[in-house]
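Here is the structure we will look at.
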Amino acid sequence: MQDLAITVNNFSKSYGAKRAVDGISFDVRQGEIFGLLGPNGAGKTTTLECLEGLRRADGGALSILGVDPGRQAGRLAALIGVQLQTSALPASMTPVEALRFFAAYHGQPPALSLIDRLGLGEKRNAQYGSLSVGQQRRLALALAAAHRPKVLFLDEPTAGLDVAARAELHALIGELRAEGATVVLATHDMAEAEKLADRVAILLRGKIAACGTPRELTATGAGQTKVSARTENAALAESLPPMPGAVRALVEDEYAVYFTTDTGATVAAVLQTIGECGDKLVDLRVERPSLEERFLEITQREPGRVA
Ligand code: ATP
């Protein structure tokens, strides 16, 4: 299909007797940010490395914009950008030197403007070893993006960054996508995936345990929304009367908390009950299950069950 940037069809890869990836299939659309999630050892890096042409698949078919990454390394290099781990550059290299070096490798003029755009202007001639982790990660993103690749592979792009640096890098990744790049993002950070990714695949023991938009995935789990109500006279918290749709109720910090599969019915009944008791609502919170909760639900299921 024309709008697909990446197709992965029944792909598998073993290391000796260890089957790291076991016949997975997924597509990534052009212009999409696609999250690859999974616990340690799930097969994320193996999948990325095969897509990046660093390893050969044992079985199945991989394609990046029509190029087979295992067989067409020359054509692949122009299409993809790979974010390096922060330890990958010599400590004495400067950001300008690194950008020139990478651009030369890709046969492109160095896009030195990226250094300013990624907030490294003051550090353009500083030694790599003297940069903070956040600056090193920004440089890694600049080097991956400098030849304007159509597909970007990012592996834990914000690991170890503080909140502000993370938000900045997220904005930059969003900008690169807005300029047309397709992004594959492997991350352990569920909030990052939920915020950035259009769709995610959760890998578990070499198989895809779930795939869809973060909203779809959180909606297909136990799917319970948390409805919490605090009232002036604690009428609900004291008696926790049953509510339609609610499957569990508890008291948490003066809030009556209901876990519900029917948010509308529960909220309506909560408000009605408060009124009938002559109490007054002080605060009402409705929280959707997070991707992290859904991830734990999927990855902590009993071994062998992947659905
Ligand atoms: P992490 O989140 O820890 O980086 P991952 O999801 O990226 O994990 P992989 O690194 O792809 O997982 O590893 C998948 C499986 O393959 C693991 O069981 C791992 O031990 C094994 N493995 C990975 N690389 C090799 C290798 N070079 N030789 C042997 N086994 C390997």
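Numbering of ligands and ligand atoms starts at 1, following listing order. Since this is a predicted model, take the numbers as computed values, not measurements.
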Scan the protein's non-hydrogen atoms and note whether one is under 4.0 Å from atom 31 (C) of ligand 1.
yes

If you have a sec, work out which protein heavy atom is nearest atom 18 (O) of ligand 1 and how many Å separate them, to one decimal?
Lys18 CE, 3.2 Å

Kindly give the heavy-atom pair with the smallest separation between Thr266 and Ala246, and that separation in Å.
OG1-N, 3.9 Å

Any N/O pair Gly43/ligand 1 closer than 3.5 Å:
yes

Presence of salt bridge, Arg138 and Glu168, under 4.0 angstrom
yes

Salt-bridge test for Lys207 and Asp22: reply yes if a basic N is under 4.0 Å from a carboxylate O, no otherwise.
yes

Quick one: look up the protein heavy atom nearest atom 29 (C) of ligand 1 and list residue, atom name and how far away it is.
Tyr15 CB, 3.3 Å

Can you see whether Phe34 has Arg199 sitting over its ring - NZ or CZ less than 6.0 Å from the centre and within 45° of the normal?
no

among protein heavy atoms, the one nearest atom 2 (O) of ligand 1 is Lys44 NZ, 2.7 Å

Considering residues at least two apart in sequence or located in another chain, which fulfil the side-chain hydrogen bond (donor to acceptor under 3.5 Å, both in side chains) criterion with Thr231?
Asp279

To the nearest 0.5 Å, what is the distance between CG (Asp198) and OG1 (Thr182)?
10.0 Å

On a heavy-atom basis, I'd like to know which of Val21, Asn40, Thr46 is closest to atom 13 (O) of ligand 1.
Thr46

Cationic N near anionic O, under 4.0 Å, Arg148 to Glu179:
yes

Ranked by distance from atom 19 (C) of ligand 1, the top protein heavy atom is Gly41 CA, 4.8 Å

Within ligand 1, which atoms have a heavy atom of His188 less than 4.0 Å away?
2 (O)

One finds that the ligand 1 atoms under 4.0 Å from a non-hydrogen atom of Ala20 are 14 (C), 15 (C), 16 (O)

Tell me the protein heavy atom at minimum distance from atom 4 (O) of ligand 1, and give that distance in Å.
Thr45 OG1, 3.6 Å

What atoms of ligand 1 come closer than 4.0 angstrom to any heavy atom of Pro39?
6 (O)

Does a sphere of radius 6.0 Å around CG in Asp283 hold more than 12 heavy atoms from other residues, nucleotides or ligands, not counting ones at 6.0 Å or beyond?
yes

Applying a heavy-atom cut-off of 4.0 Å, say which part of Arg55 lies close to ligand 1: side chain, backbone, both or neither.
side chain

